[in-house]
Amino acid sequence: MTDAGPDAPAPDEGWNRLHPLTPIARVGRLAPALVLLLVVSNIHSKAENGTVETDYLIAITLISAVYGYIHWMVTRWRIEAGTLRIETGLIRKDSRRLPLARIQAVDIVRPFLARLLGVSELRIRLAGSGSTDGKLAYLSEAQAAELRLVLLAGHIDTEAAVSSNTGLPMASVDTGRLLASVFLSLVTIVVIGTVAVLAVLDQFEPKTAAAAAGVLAVYLLSAASVIWRRLSGQYAFIAVEAPEGVRIRRGLLQTISETVPYGRIQAVRQVEPLLWRPFGWCRLEVDVAGATSRNQRGEGTGVVRKAILPVGSQQDSWHLLARLLGAPDPERTAPPGRARLKAPLSYHFLSAGHDSAHAVCVTGRLNRATTWVPLEKTQSVRRVQGPLQRPLGLATVHVDVAGKRTRAEFRDRGLGEADQLVVELTALSRSARLRTPQPSPAADGGAAPSGWYPDPAGRHEQRYWHEGRWTEHVADGGRRSSDPATPAP
Amino acid sequence: MRRAEAVTISVLLAALFGLVFWAVAGALAGAISVVVMVALGATVSFFLRRRFRAWRYLERNEDLIVARGVMVQRLSVVPYGRMQFVEVTAGPVERLFKLSTVKLHTAAAASDARIPGLEQAEAARLRDRLTELGESMAAGM
């Protein structure tokens, strides 16, 4: 169903198509998979009858080329009355309108083949959602850059959008250090070790070695692809400060530029793997929430973990952390000595602490991980006491934030302390939550979803915003009442 | 609720095994298997009883506290403002005893505030109250 509404001024004018090379670039995305398929199937067919089969590969390529061409034929986009409209689909029509005022970030992604062909993909994210809401693949590079500016000009002034391209660099990773860091990871060492053992074995027992290689090949290949992904994904990493958040650019074959909005950070983790510790390197990761509003299908909605510094020195990491969370440095204390019995391996790392705005904890056995959690993001506070902890009089306190496994853990604290922590953290989370200035819905061009926001008049804690204006409904400490709204700002 | 489930299942199993063994190996084997199954059922329901006795909740002004567990004791404090939605479920056995389970969902997968075995009227009251409080205190992420 096309929803070309009657309100559209001139229904068939001003439509743009994607770049004519799009079908080729799309088929190109299949190339690695096809090559892998060819290699795997040839191992089999060669062993059987010594021929190389390519018929079905040609068939797959042809089908996807035809599909790609049709997709290109039916996809069109244009900018109409403050919205970007994208229409696509031959059988299942898909038409989406992206209001320019709500566009939060425009990412430009360039896969390898697309780079060769000189085209890029544009991914558009709206405010209030972390996932990609609109996608234009592919546009010519110049067109993509131009359209990006046009889209962002809607609400950020163009100057800021331009400067965000060349903003203040906060951190970068040079190739040498990236190579060294990937080399010093467990996966690489296991792969190299396995290959070395196989090579030695090959000298003495070629048959066994061949058999073992056959068995291990799949694992080695997948491990190699993990290493490769790390290397190519984080190549030429650079983090730049932008008005809306930290802008990241990275990638060897496929370059990705993405934005981590400040307000949406749920937790920051600094990981120091065992092998990196002699060099004082660490990795900084952030958990970023996607959807802001309470949506229908709750649990762990769209929280993604992103490396904001793939490898760097402690100073780099601290510098970034200060920018992200405002240099949180609560005093940390170790759990009581009897916790050593319960956690013999991790005891020397365990410590945790909190101040009025952040909780911080250190955990880990081989890899030391330090997690900072802003208390205003607390979803719940839990105290858990396992059967091993009970006889020792210990308990663990969790501060959960949105996401599947993101939390600060005050592990193995004394019972009295744990109880006190639960009370304190609950109270602090509450006051931190109330303190946080929530974005005013009026600033969003009136497009913000209906809901409770801080009262702009300041007479009450919250006021209800509905369909572009403030209502008379107000709330204080959970109690609702009525107070006429001041004229809309 | 679970206890009723365990008792029903063990009685059924006892009858079934009794019949089978009686037919296959004689009356004595049948009797023994009945005794074993009943004992198993009794043990399970004893543990479930402990587990359910330990389950308690407290509605405070700003948050809901749910404590549970015998072996692993857990206590969750969930602020109403963080609630995404409330889910009330009732399985077939629960419906038989006019009970239901209330579950509070937040954006964090780890925060579990589940209260099983509530009378249906109490579950409905809790659901309405939580929804109302959640709406009036809602905060963004």
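Keep in mind that the numbers below use all heavy atoms, side chains included, and drop hydrogens, waters and symmetry copies. Just so we're on the same page: letters track the sequence lines, and every chain starts at 1.
Contact count versus chain B (heavy atoms, under 4.5 Å) is highest, among A:Arg382, A:His398, A:Gln389, for A:Arg382. The residue among A:Ser380, A:Gly386, A:Ala395, A:Ser429 with the most heavy atom pairs within less than 4.5 Å of chain B is A:Ser380.
Proximity of A:Pro387 to B:Val72: side-chain heavy atoms (C-beta onward) are separated by under 4.5 Å at one or more points. Looking only at side-chain heavy atoms (C-beta outward), A:Thr426 and B:Arg60 come within less than 4.5 Å of each other.
Heavy-atom distances place the side chain of A:Val422, and not its backbone, under 4.5 Å from chain B. If you measure heavy-atom distances from A:Thr396 to chain B, you find no contacts under 4.5 Å at all. Looking at A:Arg383, both its backbone and its side chain come within 4.5 Å of chain B, counting heavy atoms on both sides. When heavy atoms are compared at a cutoff of 4.5 Å, A:Val401 approaches chain B solely by way of its backbone atoms N, CA, C and O. Looking at B:Val66, neither its backbone nor its side chain comes within 4.5 Å of chain A, counting heavy atoms on both sides.
Shortest non-hydrogen contact noted between B:Pro79 and A:Gln379 is CD-O, 3.2 Å.
The neighbour count for B:Lys98 NZ, taken as heavy atoms of other residues, nucleotides or ligands under 6.0 Å away, does not exceed 12. A 6.0 Å sphere centred on CD of B:Glu119 holds no more than 12 heavy atoms belonging to other residues, nucleotides or ligands.
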